[in-house]
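The sequence lines fix the lettering, A, B, ..., with proteins before strands; numbering per chain opens at 1. Computed from heavy atoms alone, side chains included, the values below leave out hydrogens, waters and symmetry copies.
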There are 2 protein chains.
Amino acid sequence: MARWEPDAGGRLARAALDLYIEHGFERTTVAEIAERAGLTERTFFRYFADKREVLFDGSSLLERTVVESIGAAPDDAGPLDAVGPAVVRAGAVLDERREHARRRATVVAANQSLQERELLKMAALTEAAAEALRGRGVDDLPARLAAATGVAAFSAAFARWVAQDAAAPTPMAEHVREALAALDGLTAASARRAAVV
Amino acid sequence: MARWEPDAGGRLARAALDLYIEHGFERTTVAEIAERAGLTERTFFRYFADKREVLFDGSSLLERTVVESIGAAPDDAGPLDAVGPAVVRAGAVLDERREHARRRATVVAANQSLQERELLKMAALTEAAAEALRGRGVDDLPARLAAATGVAAFSAAFARWVAQDAAAPTPMAEHVREALAALDGLTAASARRAAVV
DNA sequence: GCCGTTGATGTCAGCGCCTGTCATCAGGAT
DNA sequence: ATCCTGATGACAGGCGCTGACATCAACGGC
């Protein structure tokens, strides 16, 4: 027989999300989370670096997905052509956990310090994508910019995916494709204008 | 005669930056900052929301510059054509305070929580730019994307501006122009590829 | 000139986040 | 049987940050 109840980290993460939704992030103490999970505050901090990080367990999966997808792009694909499908695949990952992702998003949207942490995760995702592009021989500056552009499309798509309130919501992956298409439209308009002038 | 020494906020901000550089952000307490400024800890928190915010006093100036510049763009300018010059002007603002900006950047680069705050300010800048674009009649999605793209160019330029270590450094505004040019190159390559396929 | 108001600052108490350190103790290895 | 390992608990303490109240020079109306 196991000495302790299994999956302490998972129990903590679930208790935290539930309490953040019930009472709000700031009005929830780490001691309360630990108590609901049947553990102590000290143990919480052995599993998660801080009170915010408990909501960001899945971000490494997004990062892996994007990096692998960039690596799997055809050799002759340009930076943007490698990043686009990668963020679409990342969007599909969120579709698989739609309910959890949306619950989590409502909590994050209600608290500035959580938004900061989310931005840091997006920045890490951007940096990982840029590194994957450099690994394909892309120069530093275009790699940074292509990565940032792709993540911007992902983020804009995420905002709209979360905001929609339909019975049959449009999948996140589709939102990402729309954002990428809008991006194409933007640059095409700019290029046309430059050509005219 | 004034009852107190003038410019309490400025004294606090200078003391904070100096101490963050001397001892590091985490190893500096708010009480130490206040003491150096000849004030108390409680007064520090009357001027700045938290220990990090004291480094981000100038961000509202960047935001105003970008918003005004977008508003001043020709009526027929596309979203990207309005955002590009705006972030170049924002870059010029940093050039005017080069030494301060670089000292500040080294502190921020050394601490994760400061990077989070910086990302939040960049997100606020992005949102302000998007709002300015919507005010020009641009739809929500392209406004978000154009704003994010411009800020991405600004951020990439900033990273390279800070990293350079030359006697006669390239101005930030020039770095921003290069980043915008690289963006054009990226999208042009992608469009060419799309045309071939 | 008196006096009430104003506003920047000080003082104090306290909560919650987070960390370092040591103790505990069931299960596995030798 | 003994030792070791690793997850957990217990405790103390520092620091960030907040609320509440006190202080007191300057200012303005009278």
| request: Salt-bridge test for E118(A) and R104(A): reply yes if a basic N is under 4.0 Å from a carboxylate O, no otherwise. | output: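 Between R104(A) and E118(A) there is a salt bridge, with a charged N closer than 4.0 Å to a carboxylate O.
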| Salt bridge flag under 4.0 Å for residues E41(A) and K51(A) |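 Between K51(A) and E41(A) there is no salt bridge, as every charged N stays at least 4.0 Å from the carboxylate O atoms.
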Whole-Å gap separating [atom2] ([N]) and [atom1] ([X]):
X: D7(B); N: dA8(C); atom1: CG; atom2: C1'; value: 14 Å
X: K51(A); N: dT19(C); atom1: NZ; atom2: C1'; value: 17 Å
X: D50(A); N: dT19(C); atom1: CG; atom2: P; value: 8 Å
X: W4(A); N: dG28(C); atom1: CH2; atom2: C1'; value: 13 Å
X: R52(A); N: dC17(C); atom1: CZ; atom2: P; value: 12 Å

| task | Determine whether more than 12 heavy atoms belonging to other residues, nucleotides or ligands lie under 6.0 Å from atom CZ of R102(B). | result |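 Counting other residues, nucleotides and ligands, CZ of R102(B) exceeds 12 neighbours.
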| query | Looking only at atom types and distance, does a side-chain atom of E174(A) sit under 3.5 Å from a main-chain N or O of P171(A), one as donor and one as acceptor? | reply |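 Side chain of E174(A) to backbone of P171(A): no pair is present.
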| query | Tell me, do Y20(A) and I33(A) make a side-chain contact under 4.5 Å, heavy atoms counted? | reply |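 Sidechains of I33(A) and Y20(A): in contact.
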| V67(B) versus E131(B): any side-chain heavy-atom pair under 4.5 Å? |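 No. Closest side-chain heavy atoms not under 4.5 Å.
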| query | Contacts to DNA chain C from residues 18-48 of chain A, heavy-atom cutoff under 4.0 Å, which residues? | reply |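 Of all residues in residues 18-48 of chain A, the ones placing a heavy atom under 4.0 Å from DNA chain C are T28(A), T29(A), V30(A), E41(A), R42(A), F45(A), R46(A).
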| said: What residues from residues 103-117 of chain A pass a heavy-atom cutoff of under 4.0 Å to DNA chain C? | reply: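 Contacts with DNA chain C under 4.0 Å: none.
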| Is there a chain of hydrophobic side chains (I, L, V, M, F, W, Y, each step under 4.5 Å between heavy atoms) that links L125(B) to L119(B)? |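 Hydrophobic grouping puts L125(B) apart from L119(B).
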| query | What residue among E53(A), E63(A), E116(A) forms side-chain hydrogen bond (donor to acceptor under 3.5 Å, both in side chains) with K121(A)? | reply |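 The side-chain hydrogen bond (donor to acceptor under 3.5 Å, both in side chains) with K121(A) is passed solely by E53(A) among E53(A), E63(A), E116(A).
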